[in-house]
Each structure stands twice: as C-alpha cells, then as structure tokens.
Amino acid sequence: MATATTPQDHDAGEALAERIRQASIDGTPLRIVGGDTRFFYGREVKGDELSTREHCGISFYDPVELVVSVRTGTPLAALEAALAEHGQILPFEPPRYGEASTVGGMVASGLSGPRRPWAGAVRDFVLGTRVINHEGIEQRFGGEVMKNVAGYDLSRLMVGAQGTLGLITEVSFKVLPAPGAVQSLHLELPLDEARLRLADWGREPLPISAAAWLDGALHLRLEGGPSSVAATRARIGGDELDNAFWSALRDQHLPFFRAGQAPLWRLSLPHRAPALDLPGIDESLMIHDWAGAQRWLRTELDAEAVRQACQAAGGHATCYGPRPAAIEPFTPLPEVLMKYHRNLKAQLDPKGIFNPGRLYAAF
C-alpha cells in the first residue's frame with residue numbers, strides 16, 4: 001500500500017516553509033504546535049504559533065517491508081489505526097495524552113510507553129525524516145530502509161529535540177507485527193520481592209513486555225506466541241489483569257496521576273537501583289514502571305534534593321508538572337554538554353527561531 005502526495009499536501013508543506021523563511025528574516029520566534037497534548041513536557045515557549053495540523057496523512061506504507069512514512073501533523077491514533085488494519089504496531093508504544101496527539105509531537109518529545117525496555121525507544125525505529133531548516137528549505141535525512149545510513153544519525157537527533165533544531169515534516173518508521181497473544185497479570189507482592197522476581201525472570205527468555213509495581217502488586221504483561229504466553233502464564237501464576245491497564249499507565253490516566261497537586265516527577269534510574277535517599281518518601285507510594293527503571297513520584301520536596309538522590313543512584317529526574325516556575329523541567333547539563341548543545345543549536349538554528357528555550361533557557 002502506498003499513498004501519493006496530493007497538491008493539498010504540497011501546499012501545506014510550502015506554507016510551513018514560507019512561514020519559516022519569513023520568521024528567519026524577521027527574527028521571529030516560532031512555537032511549533034501539533035495537538036499540543038505534551039505542553040507540560042518542557043519549558044514554556046513564547047513565540048508565534050506554527051501549526052502542523054494541516055500537514056497530515058500517510059505518504060507511504062509497505063506492510064510487507066514493515067515501513068511507513070507519515071506527515072507529522074497526522075493524528076497518532078490515525079496512524080495506529082492504519083497499522084492495526086494490517087496487524088502491525090509501533091513497537092515503542094508511544095503515549096498519546098489525548099485524542100489530538102500527533103506524530104510530530106510523538107517524535108519531538110521522544111517519549112515511549114511500557115514496552116520500551118523490551119522493544120526499544122522511538123529513535124530506535126526512526127529510519128528517516130524530512131525537516132524544514134531555518135532557511136525554509138526541506139531536507140531529507142535517512143530513508144525508508146535500515147541500510148540507507150546517509151543522514152540516519154541526524155534523523156535520530158531530531159527525536160527528543162522538542163522541535164528546537166528544525167521543523168520535522170515527515171518521518172519514516174520501522175514497524176512490527178502485533179503479538180499473537182497478550183496476557184496481563186496481577187500478582188500481590190511486596191516491592192522487594194517483586195524486584196527479586198523480575199531480576200530472576202530477566203535472566204530467561206520469557207515473553208515479558210511490560211512490568212510495573214504499584215499499590216502493593218506487580219503488574220505484568222506477556223506478549224508473543226500463544227504457547228509461550230500460556231506456558232509463562234501457568235508458571236508465574238497471579239490473577240488476570242485487564243490489558244487496558246497499560247494504556248491507562250501509558251497515558252497517565254491511572255488515579256495516581258490525577259491525585260494531588262504536588263509536582264509530578266519522572267525518575268530515570270538503573271532498573272536495579274535501590275530505594276532512593278529521599279526524606280519522608282515511601283517508595284511503596286510510587287509507581288515503579290519499566291521493571292523499576294522508570295519511577296513516578298509526586299512530592300513537594302526541593303527539586304535539588306530529588307535530583308541529587310537520582311544522580312547518586314546513577315539516574316536523573318524530569319519534572320512533568322504542575323511545575324512551579326522555579327523548577328527547571330530537565331536536569332541541568334554539565335557545562336561541557338551544554339556547550340555541545342549550544343553549538344548544535346547555533347549550527348542548525350542560527351537565528352534561534354525554533355521553539356527557543358523549550359529545553360533549556362540557554363537555547
């Protein structure tokens with residue numbers, strides 16, 4: 001199946017390019033917007049809104065080759081529905097955060113769902129991109145096959161850059177067949193016991209594709225061949241869990257995410273990291289996702305205390321919100337890394353028009 005580009009698609013792309021050319025001439029900052037469902041992720045951008053919503057649609061899809069190319073204003077739900085018709089998925093299970101979520105926001109944020117430790121992240125499945133640069137010129141990096149490596153790294157650089165390096169207009173992805181069987185389980189286990197079991201199971205080729213501990217129980221998802229899933233289900237035991245749990249966790253619809261007004265922190269840690277040295281924090285009240293590598297915490301604790309505890313454990317912390325203005329969303333970078341980021345921004349966006357300040361105030 002292949003979808004040709006229509007004149008309307010070309011017009012939408014050219015309109016975006018013209019807006020960028022004029023912004024570059026005038027030095028006007030641009031706030032890139034798709035569905036705006038990830039507004040909470042990063043610093044506020046002050047600039048003229050540049051919407052990608054009119055630049056949408058699947059431009060190429062070959063189910064046999066497991067490749068799809070899609071314009072970035074396309075609703076994420078529409079892309080996933082098209083893949084589902086052919087029994088295929090985006091393996092990294094991207095969060096939506098709302099019906100308006102777009103492919104561009106998914107790529108720009110680089111966020112992945114519960115399957116990420118077992119399948120890979122967004123950037124692992126990006127084959128190529130089309131990007132409008134600061135001069136209003138659309139450039140193509142990478143391609144539609146893994147062996148086309150020209151521009152491959154630059155395409156992946158755009159993932160998680162939050163639109164600060166250019167406007168992504170189209171992305172090519174590697175997709176995979178949907179699993180033949182899915183079974184979710186609920187096991188009443190204390191946190192320490194759950195960690196031990198996950199460590200043991202991690203040494204074996206079991207079909208685990210998600211693992212999260214919360215509310216005194218380990219939640220598991222098994223995916224793969226029917227016989228493998230059934231055998232693992234019989235071995236592990238536990239109660240059956242509605243598979244919809246993982247969508248609720250992915251999109252932050254669980255009661256945990258809706259309770260209280262304290263800042264929400266995402267703690268990225270080695271999956272076997274011990275309990276954090278945080279005063280007054282009970283880890284049994286946190287969500288431990290990604291088999292412990294991603295932990296969610298609501299706290300009024302000082303941001304520096306949270307970040308120092310994560311750093312001591314070999315990780316880092318990101319504040320999602322509600323976020324007081326005094327708290328930076330992302331962990332401050334060492335000066336050496338900040339220098340590289342500033343230099344990269346200066347090379348790809350010398351006028352500073354693309355989402356200025358979205359990641360860090362310095363760029």
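Please read these numbers as outputs of a predicted model, since none were measured by experiment. FYI, the numbering just counts along the sequence from 1.
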Asker: To the nearest 0.5 Å, what is the distance between CG on Asn133 and CG on Leu348?
Answerer: 9.0 Å
Asker: Mind checking whether Phe173 and Phe125 have ring centres under 6.0 Å apart?
Answerer: no
Asker: For the backbone of Arg358 and the side chain of Gln162, can you confirm whether one donor and one acceptor N or O come within less than 3.5 Å of each other?
Answerer: no
Asker: Does atom CD of Glu204 have more than 12 heavy-atom neighbours from other groups under 6.0 Å away?
Answerer: yes
Asker: Can you name the closest pair of heavy atoms from Ala217 and His219 and give their distance?
Answerer: O-ND1, 3.2 Å
Asker: In Å, rounded to the nearest 0.5 Å, how long is the span from CD of Glu240 to OG of Ser184?
Answerer: 8.5 Å
Asker: If we ignore hydrogens and angles and just use 3.5 Å, is the side chain of Thr74 paired with the main-chain N or O of Arg71 as donor and acceptor?
Answerer: yes
Asker: How far apart are the closest heavy atoms of Val122 and Val107, and which atoms are they?
Answerer: CG1-CA, 4.5 Å
Asker: Quick check: does any side chain N or O of Trp290 sit under 3.5 Å from a backbone N or O of Gly113, one acting as donor and the other as acceptor?
Answerer: yes
Asker: Same hydrophobic cluster for Phe256 and Tyr97, using side-chain heavy-atom links shorter than 4.5 Å among ILVMFWY?
Answerer: yes
Asker: State whether the side chain of Ser59 and the backbone N or O of Ser69 hold a donor-acceptor pair below 3.5 Å, judged by distance alone.
Answerer: yes
Asker: Does any N or O in the side chain of Arg53 come within less than 3.5 Å of the main-chain N or O of Gly34, such that one atom is a donor and the other an acceptor?
Answerer: yes
Asker: With respect to Met286, which candidate in Ile281, Leu191, Leu278 satisfies the side chain to side chain contact (heavy atoms under 4.5 Å, CB included) definition?
Answerer: Ile281
Asker: Could you tell me whether a side-chain N or O of Ser24 sits under 3.5 Å from a main-chain N or O of His134, the two making a donor and an acceptor?
Answerer: yes
Asker: Is any NZ, NE, NH1 or NH2 atom of the basic residue among Glu283 and Arg195 found under 4.0 Å from an Asp or Glu carboxylate oxygen of the other?
Answerer: yes
Asker: Is it true that Arg38 and Ser101 share a donor-acceptor pair across their side chains at a distance under 3.5 Å?
Answerer: yes
Asker: Picking from Asn355, Leu157, Asp349, what satisfies side chain to side chain contact (heavy atoms under 4.5 Å, CB included) with Leu165?
Answerer: Leu157
Asker: Taking Glu328 as the fixed residue, which of Arg43, Arg307, Arg323 is the one that meets the salt bridge (charged side-chain N to carboxylate O under 4.0 Å, His left out) rule?
Answerer: Arg43
Asker: Only one of Leu127, Val126, Thr129, Asp153 clears side chain to side chain contact (heavy atoms under 4.5 Å, CB included) with Phe141; which?
Answerer: Thr129
Asker: Can you tell me which residue among Trp265, Phe257, Trp213 is in a ring-ring contact (aromatic ring centres under 6.0 Å, His included) with Trp296?
Answerer: Phe257
Asker: Check whether any side-chain N or O of Arg298 sits under 3.5 Å from a backbone N or O of Ala259 as a donor-acceptor pair, and report yes or no.
Answerer: yes
Asker: So which heavy atom on Thr37 is nearest to which on Gly98, and how close?
Answerer: CG2-CA, 4.2 Å
Asker: Any sub-3.5 Å donor-acceptor pair from Arg21's side-chain atoms to Gly136's backbone N or O?
Answerer: yes
Asker: When rounded to the nearest 0.5 angstrom, what is the spacing between CZ in Phe354 and CD1 in Ile168?
Answerer: 10.5 Å
Asker: Please name the residue in the list Asp242, Asn243, Leu241 that meets the side chain to side chain contact (heavy atoms under 4.5 Å, CB included) test with Phe245.
Answerer: Leu241
Asker: Judged by modelled atom types alone, do Arg221 and Ser209 share a side-chain donor-acceptor pair under 3.5 Å?
Answerer: yes
Asker: Which pair of non-hydrogen atoms, one from Arg250 and one from Pro114, has the smallest distance, and what is that distance?
Answerer: CB-CD, 3.8 Å
Asker: Say you draw a straight line from CG of Leu83 to CD of Glu85; how long is it, rounded to the nearest 0.5 Å?
Answerer: 9.0 Å
Asker: Would you call the rings of Phe363 and His341 parallel, tilted or perpendicular, where under 30° means parallel and over 60° means perpendicular?
Answerer: parallel
Asker: In Å and rounded to the nearest 0.5 Å, what is the CZ to NE2 distance from Arg295 to His288?
Answerer: 5.5 Å
Asker: For Thr331, does its backbone N or O pair with a side-chain atom of Tyr360 as donor and acceptor, under 3.5 Å?
Answerer: yes
Asker: State whether the side chain of Asp251 and the backbone N or O of Arg96 hold a donor-acceptor pair below 3.5 Å, judged by distance alone.
Answerer: yes
